[in-house]
Amino acid sequence: MSDLYGRIIGTGSYLPERIVTNAELEKTVDTTDEWIVARSGIKQRAIAAEGEFTSDLAYQAAAEAIKSSGINKSDIDLIIVATTTPDLVFPSTATIVQTKLGLGGCAAFDVQAVCAGFVYGLDIVDKYIRSNSCKNALIIGAETFSRIIDWTDRTTCVLFGDGAGAMIVRADNVPGIFSSSIYADGAFKELLWVPSGVSTALSELEMGRAFTKMKGNEVFRWAVNTMSNIAAKTLRDNDMDASQLDWVVPHQANIRIIRAIAKKLSLPMEKMVVTVAEHGNTSAASIPLAFDYAQRDGRLKSGDIILLEGFGGGFTWGSVLLKY
Ligand code: UT7
């Protein structure tokens, strides 16, 4: 086993100022606060302002993570942005954030694994660190998902929101990240997707009509089963059982999914970090955003054993088990 581990030494997050409540959505689509809360647990979401881009959200979260880590930003030698909603087709949002931070020279790239993007990014960071290829990584999950939502489609528009979360992960001789694993199965493409893009239908992108489509109840079933299975496998692989976990930080898509995972793992809901009510589903941002909120309000403490798990379009999924 490597004697190098990735250890989280700083976190940050950022939400756009504008909060859209369920009551506000009641005025624009055929829905009710009651339905949204009962079916998803979501009460509100933040929406980026016109002219506010994914890199702006990412930059704010990154600056806070750097500050909380205490490192000098020039010590960062790898920047990864997990996003489904990059500012531009290219260059990557990671290079745009790099410039906003006043950095240059270190590796910077985006990871696209939709709602599992942050877990994918952490998996990559940990492997860079274990192979002694990086000492201080900045990893950000950031989305302006509102830009790929059809605001007249009640089956999707009530669910998603914008935001960003970031972490500084440092190489250390003590864990840190015990293990991480990522998976995908492209056979499920059409259950959750934006059915147009650069190579297939640039005109849809240009006209702002590239929107998320989801077969919600099928995705729900897969999300519950896949996230429960990966949690159980991760624990088995590390010779641990669920009772040894202090916290689970799951992807924040739906409170009912989080409850079902807790039940399958025989974990009390008190051990699940839940922020979906305030943020909605922020895709790649949801895990680091929830993590940052929970550590700032004192729930996550140094030494806690924490399981992160993500699930998203593709399907993509993965987990990270760590000591904080
Ligand atoms: O981030 C990646 C992972 N994403 C997810 O995990 C999301 C997974 N899916 C879900 O969270 C849930 O499936 C939803 C919240 C999307 C939907 O909840 P559901 O309990 O699966 O409801 P449903 O899709 O089966 O729809 C039930 C009814 C339908 O009406 P009928 O056909 O029974 O008459 C829908 O048309 O609710 C209707 N409906 C709505 N009603 C009021 C759908 N959206 C709305 C709405 N307001 N916004």
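These numbers come from a predicted model, not from an experiment. The first residue of the sequence shown is numbered 1, and numbering continues consecutively from there. Numbering of ligands and ligand atoms starts at 1, following listing order.
Taking only nitrogen or oxygen atoms, main chain and side chain alike, G216 reaches within less than 3.5 Å of ligand 1. Between H251 and ligand 1, a contact under 3.5 Å exists for at least one N or O pair. Of the polar atoms of R256, at least one N or O is found under 3.5 Å from an N or O of ligand 1, judged by distance alone.
For L192, the closest heavy-atom approach to ligand 1 falls below 4.0 Å. I36 does not count as a contact of ligand 1, since none of its heavy atoms falls under 4.0 Å from the ligand.
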Go through it in stages, so that I can follow the logic: the residues are S40 and N254, the test is side chain to side chain donor-acceptor pair (under 3.5 Å), and I'd like the CA-CA distance, side-chain angles, deciding distance and then a yes or no.
CA-CA 5 Å; S40 72; N254 187 320; 5.5 Å; no
With side chain to side chain donor-acceptor pair (under 3.5 Å) as the criterion, how do K264 and N229 come out once you've worked through the C-alpha distance, each side chain's angles and the decisive distance to 0.1 Å?
CA-CA 9 Å; K264 287 203 176 205; N229 290 343; over 6 Å; no
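Looking from atom 6 (O) of ligand 1 to the surrounding protein, the closest heavy atom is I257 CD1, 3.1 Å. The nearest protein atom to atom 47 (N) of ligand 1, hydrogens excluded, is given as T31 OG1, 2.7 Å; this is a heavy-atom distance. Residue, atom and distance of the protein heavy atom nearest to atom 11 (O) of ligand 1 are N254 ND2, 2.7 Å. Ranking the protein heavy atoms by distance from atom 24 (O) of ligand 1 puts N217 ND2, 4.1 Å first. In this structure, atom 3 (C) of ligand 1 lies nearest to the protein heavy atom V219 CG1, 3.8 Å. Regarding atom 38 (C) of ligand 1, its nearest protein heavy-atom neighbour is R154 NH2, 3.7 Å.
When the options M227, E26, R39 are ranked by their closest heavy atom to atom 22 (O) of ligand 1, first place goes to R39.
Ring geometry for W222 versus F188: interplanar angle of 30 to 60°, hence tilted. Ring orientation note: the planes of Y128 and F109 are tilted relative to one another, at an angle of 30° to 60°. Relative ring orientation between Y324 and F291 is described as perpendicular, the plane-to-plane angle rising above 60° on a 0-90° scale split at 30° and 60°.
Within the listing of ligand 1, atoms 48 (N) sit less than 4.0 angstrom from a heavy atom of V158. Contact atoms of ligand 1 toward F311: 2 (C) (distance under 4.0 Å to a heavy atom of the residue). Within the listing of ligand 1, atoms 1 (O), 2 (C) sit less than 4.0 angstrom from a heavy atom of C115. Heavy-atom proximity to L159, at under 4.0 Å, picks out these atoms of ligand 1: 15 (C), 16 (C).
Both M214 and I258 are part of a single hydrophobic cluster, where members link through side-chain heavy atoms under 4.5 Å apart. Note: the hydrophobic cluster containing V219 also contains I148 (ILVMFWY, side chain heavy atoms under 4.5 Å, direct or indirect links). Cluster membership check: I139 shares its hydrophobic cluster with V249, using side-chain heavy-atom separations under 4.5 Å among Ile, Leu, Val, Met, Phe, Trp and Tyr.
When non-hydrogen atoms are compared, ligand 1 lies under 4.0 Å from the side chain of N281 (C-beta onward) but not from its backbone. When non-hydrogen atoms are compared, ligand 1 lies under 4.0 Å from the side chain of W35 (C-beta onward) but not from its backbone. Under 4.0 angstrom from ligand 1, there are no non-hydrogen atoms of V29.
Remark: the D87 side chain and the S55 side chain contain an N/O donor-acceptor pair separated by less than 3.5 Å. S146 and D162 share a side-chain donor-acceptor pair at under 3.5 Å. Side-chain N/O atoms of T83 and E143 include a donor and acceptor closer than 3.5 Å. Inspection of the S319 and T234 side chains reveals an N or O donor paired with an N or O acceptor under 3.5 Å.
Remark: atom 32 (O) of ligand 1 lies closer than 4.0 Å to no protein heavy atom. Of the protein's heavy atoms, none falls inside 4.0 Å of atom 29 (C) of ligand 1.
Taking the side chain as every heavy atom from C-beta outward, C106 and L78 never approach each other to under 4.5 Å.
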